[in-house]
Amino acid sequence: MKRTRQQALDTRNQILDAAEWVFAERGVARASLEDVAVRAGFTRGAIYGHFRNKGELFVAMTNRVTLPMEMLVGASVDAGESDPLGKIRQLLVFCLSKAVVEPHSRRVFEVLFTKCEHTRDTDLVFDRQRNAARNGRKQLELALRNAIGRGQLPSDLDTVRASGVVHAFLDGVLRDWLLEQDSIVLPRDAEYLVDVCIGMLRHSASLGQGVGAVRSAG
């Protein structure tokens, strides 16, 4: 019985591995379960033995990895953390490096960032991405406030705006690297790029509280 369960798990993982490659090559909308079956070396019936449809397969494939903004949930929200900004930096570098060194993350990110259309099959995953972005920004805001409290960032830093900038930075770097890997080399450039982002948080006057309101009034 244990062997049977293990065989079923192995088959499921082979199907998910094949789905990563097929969705990355063809895009989610154009790929079919038949394509995945051929790539995995199984019949289409074997696919249906594990997944009811392409949407369920797609969700299961993405559930095997942690999304970039989900990684930031571990940002320093502990008021007792002695180096909250260092923790933020560490996690951002980890996010950018993981996209390269972990094969499943790399392929799934490629699908999500460059080969994923809004369809009924992808709705649940887009909902997850939206929730991850929302929760990640909230956690990051807390970490930024802690960094302000430790004197690591300006006291007038608008943490809501700053967390949005960090999210845009992370999303933009990953998307650019996935689309054209000559422009950014990961993980080599991860620390350099993150330090640029941290420098922006420290020194950009545009991230100060009230700046947007003053400009709008003008």
Side-chain angles (χ1 to χ4, degrees), residues 1-74 91 93-136 170-190:
M1 184 65 68
K2 288 184 178 179
R3 183 183 178 190
T4 301
R5 284 199 296 269
Q6 185 59 50
Q7 287 176 330
L9 180 60
D10 290 344
T11 298
R12 187 177 190 274
N13 284 329
Q14 284 180 255
I15 294 169
L16 293 173
D17 290 346
E20 288 178 2
W21 288 103
V22 170
F23 290 150
E25 291 168 356
R26 298 181 60 82
V28 179
R30 293 180 57 203
S32 67
L33 290 182
E34 182 71 31
D35 296 326
V36 176
V38 170
R39 185 65 180 252
F42 298 123
T43 64
R44 191 167 62 176
I47 306 292
Y48 284 117
H50 292 269
F51 305 101
R52 289 177 297 179
N53 50 50
K54 186 169 69 173
E56 189 173 282
L57 171 62
F58 179 67
V59 170
M61 182 198 76
T62 58
N63 281 344
R64 292 203 297 178
V65 307
T66 304
L67 299 179
M69 286 303 286
E70 289 173 339
M71 297 178 194
L72 287 181
V73 171
L91 283 167
V93 171
F94 174 75
C95 289
L96 295 181
S97 300
K98 187 176 176 65
V100 178
V101 301
E102 207 289 301
H104 292 301
S105 293
R106 177 172 178 167
R107 286 193 291 271
V108 171
F109 292 170
E110 181 178 357
V111 173
L112 292 178
F113 279 88
T114 69
K115 301 291 180 66
C116 187
E117 304 85 350
H118 282 270
T119 68
R120 184 171 59 184
D121 291 327
T122 63
D123 280 346
L124 287 177
V125 176
F126 275 109
D127 286 343
R128 178 187 169 195
Q129 287 181 288
R130 281 189 286 268
N131 289 333
R134 187 180 304 113
N135 293 334
L170 184 61
D171 188 85
V173 169
L174 285 173
R175 190 181 303 274
D176 192 55
W177 175 74
L178 289 165
L179 286 171
E180 187 180 359
Q181 296 181 19
D182 290 339
S183 61
I184 294 172
V185 180
L186 295 176
R188 186 198 69 186
D189 295 341

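Quick caveat, the model's predicted, so the values are computed rather than measured.
In this structure, the salt bridge (charged side-chain N to carboxylate O under 4.0 Å, His left out) partners of E20, at least two apart in sequence or on a different chain, are R64, R107.
Here the OG1-CG distance, from T43 to L33, works out to 11.5 Å after rounding to the nearest 0.5 Å. Remark: H50 NE2 to L9 CG distance equals 9.0 Å, nearest 0.5 Å.
Considering every non-hydrogen atom in both V108 and M61, the closest pair reads CG2-O, 4.0 Å. When all heavy atoms are compared, the tightest approach of R175 to F113 is NH1-O, 2.8 Å. Closest non-hydrogen pair, V22 versus A31, comes out as CG1-CB, 3.6 Å. Across D123 and T119, no two heavy atoms sit closer than the pair OD1-O, 3.0 Å. Between P68 and C95 the shortest heavy-atom distance is O-SG, 3.6 Å.
With contacts defined as side-chain heavy-atom distances shorter than 4.5 Å, the pair K98/F109 does not qualify.
Residue pairs meeting the side chain to side chain donor-acceptor pair (under 3.5 Å) criterion with at least one member in residues 30-42, sequence neighbours excluded, are E25-R39, R26-D35, S32-D35.
For the residue pair R128 and N131, no side-chain donor N or O sits within less than 3.5 Å of a side-chain acceptor on the partner. Between Q14 and D10, the side chains place no donor N or O within less than 3.5 Å of an acceptor N or O (distance only, hydrogens not considered).
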Item to check | Full working for side chain to side chain contact (heavy atoms under 4.5 Å, CB included) between L96 and I184 | outcome: CA-CA 11 Å; L96 295 181; I184 294 172; over 6 Å; no
Item to check | Stepwise side chain to side chain contact (heavy atoms under 4.5 Å, CB included) check, V28 with E117 | outcome: CA-CA 7 Å; V28 179; E117 304 85 350; 4.0 Å; yes
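With V36 as the fixed residue, the side chain to side chain contact (heavy atoms under 4.5 Å, CB included) test singles out one of D17, L16, L57: L57.
Using cut-offs of 30° and 60° for the angle between ring planes, the F23 and F58 rings count as perpendicular.
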